[in-house]
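Heads up, the thing below is written out as structure tokens.
For ligands, and for the atoms within them, numbers begin at 1 and follow the listed sequence.
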Amino acid sequence: MSTLETFDSELRAGAPVGDASEAFDVRKEIYADDALSALSELYGSRDDFAELVARIYRAVHLGFDQRSENLKHFDLRRSQQPDWFQQTDRIGYMCYVDRFAGTLGGVEEKIPYLKELGITYLHLLPLLKPRDGDRDGGFAVSDFHNVNPDFGTMADLSTLAEELRNNDISLCIDLICNHTSDEHKWAMAAKSGNQTYKNYYNFYPNRTLPDRYEKDLTEVFAQSAPGNFTHVEELDEWVWTTFYPYQWDLNYSNPAVFVEMLETLLFLANQGVEIFRLDSVPFLWKELGTDSQNRPEAHSIIRALRALVSMAAPSVCLKAEAIVPSNQLVRYLGRGEHAGKECHLAYNSTLMTMLWSALAEGTAKRISKVLASVPPIPENASWVSYIRCHDDIRWGVLHDETESYSQEEWEAHTQFLSDFYASRTENSFASGAKFQTTDGHEVHGTSGTMASLCGLEKALDAGNDQDIKLSVQRILLMYSIILGYGGIPLVNMGDELGMLNNRDYQNNADFDGDGRWLHRVSMNWQQADKRHQNGMVEQKVFEGLSELIQLRAGLTALKGGQAHVLATANDAVLVLHHRNAQGELYVAGNFSDKVQKFKLPNVNASLEDCRTGKAQAKSVELKPYETIWLQPKH
Ligand code: OTU
């Protein structure tokens with residue numbers, strides 16, 4: 001051992017954990033104002049506000065007291081590196097427990113596979129105990145304190161979280177905070193007429209108010225779950241259900257609901273969960289005469305949760321799931337005086353949707369315009385950049401994206417996208433399907449795996465080598481841009497191997513005719529075994545992606561923030577630019593199937609290709625769908 005190593009190990013062995021409770025007291029002081037101001041926006045006019053605050057503080061204390069020494073130590077470590085989630089070695093992977101590895105124990109066995117790809121963040125889709133029968137892929141939770149018995153137990157979850165942490169992988173799970181299933185004990189009590197629990201939900205004795213609300217509401221599952229209210233036979237009353245009829249929206253105007261959700265969050269954080277995906281946050285607060293999305297109170301709820309969790313479990317990160325136009329989306333990271341005080345992370349659904357738009361059009365003109373108009377995000381926040389997830393690609397949100405395009409133009413464009421990805425336009429390379437349209441002509445969303453939407457399915461069916469090559473290039477282009485945009489890139493299970501659509505779901509009653517199962521595939525480990533076999537598609541995708549991941553980890557110019565879009569004279573090419581104290585980086589991608597030339601604007605330094613280290617002139621030539629990463633020469 002070198003002197004330095006000896007010194008280091010001595011330090012570690014004898015390292016005082018510090019006084020965790022003293023640190024807790026300090027955090028309570030620091031976050032008290034934030035917590036109180038957010039809570040008073042929500043509940044300040046109530047007579048029992050002081051009592052409520054006392055109850056909330058009791059929950060925070062209990063949350064801290066029940067936190068293990070290990071996690072308290074981890075909290076202190078993270079507080080020494082608050083920008084840990086903005087580091088360029090953070091890469092996410094998302095999957096269903098059963099479809100990836102059967103059980104939680106199975107997931108643990110697959111840690112080496114994740115590490116091989118360079119994964120440092122694992123999002124396991126809903127794994128808490130769901131209702132029986134239809135369950136929206138687990139998004140209808142019946143018990144927040146127990147794991148789905150098919151996957152294992154809460155103890156298995158804690159063990160997995162610890163094992164992941166030991167491997168520097170952060171565990172993320174969903175906090176389905178907008179609704180419970182109709183089989184949750186609160187819903188069961190409500191059904192039996194218990195007023196305390198009826199107040200946990202939004203009940204109406206008849207259709208008068210529901211009809212008035214409906215005038216301004218949108219429909220999420222327009223085909224399979226039309227309307228936003230469900231008749232509850234036991235009571236002959238109506239309850240608010242934004243999603244499926246068995247998912248009952250919680251009533252946050254009742255502070256008891258807020259307290260329950262805070263306690264749930266802290267309980268799960270104490271199992272070792274580091275990142276919470278806050279599901280459906282736009283819908284948390286209802287208000288007559290509005291579309292009941294993105295209300296100021298929904299933001300106050302998140303701000304209060306953030307301040308309170310920062311007291312009890314400061315290493316925890318909150319991630320917003322809001323599929324809304326970018327000017328609304330960035331607000332979930334906090335804005336104005338509250339900038340950086342809501343979620344730490346938010347899904348960049350604008351980037352995701354616009355990537356598919358650019359790929360279908362074969363030009364980067366529109367994506368460049370839209371990305372250039374995305375408002376800046378707070379310095380202590382970051383994006384989650386992704387290409388596919390378990391949901392459909394929702395086109396309608398684009399209609400409010402930028403004023404550069406009129407409503408008519410957006411409507412025509414999203415109609416084109418929906419048709420293109422369902423293979424209903426001439427020359428479409430994609431084989432996806434429309435989601436939630438009643439007549440096949442409406443525009444809602446698109447289902448399909450990344451590879452099938454990028455053309456691999458058609459190319460393989462046709463046995464056309466040139467098209468196979470092009471579809472692999474499209475896949476790598478999409479990865480290159482999400483890795484080069486900034487934030488935490490997220491890989492959807494199977495997409496690292498180019499897995500195709502699963503067309504069998506229609507024959508399986510468990511999937512309730514929900515078209516999203518088209519791309520919710522089960523891991524094919526035989527395909528994974530081909531990831532190092534030369535010339536296989538799996539190898540080209542997997543190795544292409546892992547090379548990019550490794551490259552990215554060393555490029556600190558990418559840390560945090562978001563890319564700036566540079567305009568060039570060539571519309572086919574998207575050029576992203578990063579500059580921070582650590583350096584500068586250009587990422588350019590050709591969205592067309594032709595060779596494209598362009599000149600980087602306003603560059604004075606000599607440039608080198610980050611992958612090869614070779615000098616690169618400011619005039620660049622890119623092959624079809626090719627990307628290039630450039631930095632000033634060292
Ligand atoms: C989320 O998605 C989940 O991701 C879905 O899988 C669930 O079905 C749903 O919630 C209900 O729990 O509409 O098309 O703006 O758009 O929360 C997906 C946010 C969805 C919503 C989003 C929702």
Side-chain angles (χ1 to χ4, degrees), residues 94-96 99 123-128 130-131 134-142 144 172-182 184 217-226 228 230 240-250 261 276-286 291-295 298-299 302 319-332 343 346-350 352-353 384 386 388-400 418 433-437 443-448 490 492-493 505 511-520:
M94 63 177 289
C95 59
Y96 287 94
R99 313 208 125 219
H123 170 204
L124 296 177
L125 280 147
L127 48 73
L128 299 178
R131 82 193 281 283
D134 293 344
R135 56 186 63 176
D136 189 18
F139 283 94
V141 176
S142 290
F144 292 111
C172 167
I173 70 167
D174 297 273
L175 185 70
I176 298 149
C177 49
N178 177 67
H179 43 267
T180 72
S181 92
D182 61 348
H184 191 283
L217 301 179
T218 53
E219 288 184 332
V220 181
F221 301 139
Q223 186 180 31
S224 52
N228 289 281
T230 297
W240 194 307
T241 56
T242 300
F243 299 95
Y244 283 110
Y246 52 78
Q247 287 164 308
W248 291 12
D249 288 47
L250 288 162
M261 208 41 81
F276 287 90
R277 171 187 179 277
L278 302 184
D279 184 56
S280 312
V281 284
F283 298 94
L284 294 182
W285 196 270
K286 327 293 187 199
D291 66 356
S292 294
Q293 283 192 55
N294 309 310
R295 303 305 304 157
H299 291 282
I302 302 174
K319 172 173 68 162
E321 190 263 339
I323 314 301
V324 295
S326 53
N327 60 349
Q328 291 290 346
L329 179 57
V330 294
R331 298 181 183 195
Y332 289 95
C343 287
Y347 282 91
N348 196 336
S349 48
T350 306
M352 181 278 288
T353 319
V384 170
Y386 67 118
R388 289 297 290 117
C389 69
H390 66 294
D391 283 330
D392 56 305
I393 306 168
R394 179 87 62 79
W395 303 116
V397 281
L398 291 181
H399 294 177
D400 294 316
S418 165
K434 294 192 180 220
F435 177 64
Q436 295 288 327
T437 62
V443 175
H444 191 89
T446 287
S447 293
L490 185 59
N492 186 34
M493 190 210 84
Y505 81 93
F511 300 142
D512 189 31
D514 188 320
R516 292 172 296 177
W517 291 100
L518 181 66
H519 52 265
R520 295 171 177 176

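Ring pair Phe243/His179 is tilted by interplanar angle, where 30° to 60° counts as tilted.
Interface atoms of ligand 1 facing Arg516, defined by a heavy-atom separation under 4.0 Å, are 5 (C), 6 (O), 7 (C), 8 (O). Under a 4.0 Å criterion applied to the non-hydrogen atoms of His179, ligand 1 contributes the atoms 11 (C), 12 (O). Every atom of ligand 1 is numbered from 1 in the order shown, and the set under 4.0 Å from a heavy atom of Arg277 is 3 (C), 4 (O). Taking every heavy atom of Phe221 and a limit of under 4.0 angstrom, the matching atoms of ligand 1 come to 8 (O). Within ligand 1, counting atoms from 1 as listed, the ones closer than 4.0 Å to a heavy atom of Asp136 are 7 (C), 8 (O), 9 (C), 11 (C), 12 (O). Taking every non-hydrogen atom of Arg394 and a distance limit under 4.0 Å, the qualifying atoms of ligand 1 come out as 13 (O), 14 (O), 16 (O), 18 (C), 20 (C).
The main-chain N or O of Asp136 is found under 3.5 Å from a side-chain atom of Tyr246 such that the two form a donor-acceptor pair. The closest donor-acceptor contact from the side chain of Ser142 to the backbone of Arg131 lies under 3.5 Å. For the pair Ser447 (side chain) and Gly515 (backbone), a donor-acceptor distance under 3.5 Å is present. In terms of modelled atom types and a separation under 3.5 Å, the side chain of Asp174 and the main chain of Ile176 share no donor-acceptor contact. A donor-acceptor pair under 3.5 Å is formed between the side chain of Asp249 and the backbone N or O of Thr242. Between the side chain of Arg394 and the main chain of Thr353, no donor-acceptor pair closer than 3.5 Å is present.
Of the listed residues (Asp391, Ile323, Val281), the one carrying the non-hydrogen atom nearest atom 4 (O) of ligand 1 is Asp391.
When heavy-atom distances to ligand 1 are checked against a 4.0 Å cut-off, His390 comes that close only through its side chain, counted from C-beta outward. Contacts with ligand 1 closer than 4.0 Å are made by no heavy atom of Ile176, backbone or side chain. Contacts between Asp392 and ligand 1 below 4.0 angstrom, taking non-hydrogen atoms only, involve the side chain exclusively. Residue contacts with ligand 1 for Pro282 involve side-chain atoms from C-beta outward but no N, CA, C or O (heavy atoms, distance under 4.0 Å).
Minimum heavy-atom separation, Val397 to Pro325: O-CG, 3.8 Å.
Here the heavy atom of the protein found nearest to atom 22 (C) of ligand 1 is Glu321 OE2, 3.1 Å. Counting only heavy atoms of the protein, atom 1 (C) of ligand 1 lies nearest to Asp279 OD1, 3.0 Å. The nearest heavy-atom contact from the protein to atom 21 (C) of ligand 1 is Phe283 CE1, 3.8 Å.
Of the charged side-chain nitrogens involved, at least one lies within less than 4.0 Å of a carboxylate oxygen, so that Asp391 and Arg520 count as a salt-bridged pair.
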